[in-house]
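Starting from 1, each residue takes its place in the sequence as its number. This structure is a prediction, so every number in the text was calculated from the model and none was measured.
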Amino acid sequence: MSVNLYDAAYALEKAIRQSDEYKHLQQMYNEVNADPAAKSMFDNFRQIQMNLQQKQMMGQEISEQEIQQAQATVAVVQQNEKISRLMQAEQRMSMIIGELNQVIMKPLEELYGNLE
């Protein structure tokens, strides 16, 4: 019996979309987007985050000033209850994706052995 891995992946995508965790994340995201002040604050935070990630991926050094700006933005953003709830929901969804990734990678880990 041949297994189509893409069919399994699409089934997993559908399961994720139907999960309570994803629905909660979607609800929190919609709440932030419905509040112009929270949306602006969150968009600014995401832009800073993306810029830092881009620099890091390109091997560029991140300045102390950029780190302090990012930390200050995080502190302000987390004081907004809607954004804070969204970030908690994102963190939960990220944990689940990480756990799913561990399950998916298990056959390769067993084949090659744990490299750690």
Side-chain angles (χ1 to χ4, degrees):
M1 175 176 111
S2 178
V3 175
N4 185 328
L5 295 177
Y6 292 99
D7 288 345
Y10 286 117
L12 180 57
E13 176 200 10
K14 184 177 180 180
I16 289 170
R17 289 180 188 278
Q18 293 174 349
S19 72
D20 290 340
E21 292 85 359
Y22 180 79
K23 289 177 183 177
H24 179 69
L25 174 61
Q26 194 172 36
Q27 180 184 349
M28 296 301 100
Y29 183 76
N30 290 339
E31 282 184 21
V32 167
N33 281 318
D35 179 336
K39 181 179 178 0
S40 175
M41 200 182 300
F42 186 68
D43 288 347
N44 180 49
F45 166 71
R46 293 292 307 260
Q47 188 61 50
I48 291 170
Q49 193 177 39
M50 286 175 28
N51 289 343
L52 292 178
Q53 285 176 348
Q54 217 170 30
K55 283 184 91 167
Q56 196 173 33
M57 287 172 41
M58 293 171 57
Q60 297 176 354
E61 195 168 320
I62 298 171
S63 72
E64 186 63 35
Q65 182 181 358
E66 289 171 315
I67 292 171
Q68 288 176 355
Q69 179 190 11
Q71 289 172 341
T73 303
V74 167
V76 169
V77 163
Q78 287 180 331
Q79 290 178 9
N80 182 294
E81 192 170 328
K82 290 177 185 174
I83 297 173
S84 180
R85 288 194 312 252
L86 172 58
M87 292 172 80
Q88 289 171 2
E90 282 180 345
Q91 188 174 23
R92 176 68 183 134
M93 197 73 228
S94 180
M95 283 176 43
I96 290 169
I97 298 294
E99 291 168 0
L100 292 173
N101 191 48
Q102 286 180 335
V103 171
I104 291 167
M105 295 304 294
K106 191 171 185 172
L108 295 176
E109 288 176 10
E110 289 174 356
L111 179 64
Y112 291 107
N114 195 345
L115 300 175
E116 293 183 64

Rounded to the nearest 0.5 Å, the CD atom of Gln71 sits from the CD atom of Glu64 at a distance of 7.5 Å
CZ (Arg17) and NZ (Lys14) are apart, to the nearest 0.5 Å, by 11.5 Å
(message) Using a 6.0 Å cut-off, check whether atom CD of Gln60 has over 12 heavy atoms from anything other than its own residue.
(response) yes
Looking only at atom types and distance, does a side-chain atom of Ser19 sit under 3.5 Å from a main-chain N or O of Ile16, one as donor and one as acceptor? yes
Apart from Ile62 itself, members of its ILVMFWY cluster (side-chain separation under 4.5 Å) are Ile48, Leu52, Ile67
**Report entry** Atom CD of Glu21 with >12 non-hydrogen neighbours under 6.0 angstrom
**Finding:** yes
side-chain contact (heavy atoms from CB on, under 4.5 Å) with Arg85: of Glu90, Gln27, Glu31, only one passes, and it is Glu31
The test is side chain to side chain contact (heavy atoms under 4.5 Å, CB included); show your working for Arg92 and His24 and say whether it passes.
CA-CA 10 Å; Arg92 176 68 183 134; His24 179 69; over 6 Å; no
Output for pair (Phe45 CZ, Leu86 CG), nearest 0.5 Å, gives 9.5 Å
Exam field: side chain Ser40 to backbone Pro36, donor-acceptor pair closer than 3.5 Å:
no
Closest heavy-atom pair, Ala38 versus Asn80, reported as atoms and distance to 0.1 Å, is CB-ND2, 3.7 Å
Output for pair (Asp35 CG, Lys82 NZ), nearest 0.5 Å, gives 4.0 Å
*Any chance the side chains of Gln47 and Asp43 put a donor and an acceptor closer than 3.5 Å?*
no
>> Between Val77 and Met87, is the side chain to side chain contact (heavy atoms under 4.5 Å, CB included) condition met? List the steps.
In response: CA-CA 10 Å; Val77 163; Met87 292 172 80; 3.8 Å; yes
Distance col, row Glu81:CD vs Met28:CE, nearest 0.5 angstrom, shows 10.0 Å
One should read off an interatomic distance between Tyr6 OH and Glu13 CD, to the nearest 0.5 angstrom, of 14.0 Å
- Query: Is Gln65 atom CD crowded by more than 12 heavy atoms from other residues, nucleotides or ligands, each under 6.0 Å away?
  - Reply: no
Q. Just wondering, more than 12 heavy atoms not from Gln56 lying within 6.0 Å of its CD?
A. no
Under 3.5 Å, sequence neighbours excluded: what are the donor-acceptor pairs made by side chains of residues 98-105?
none

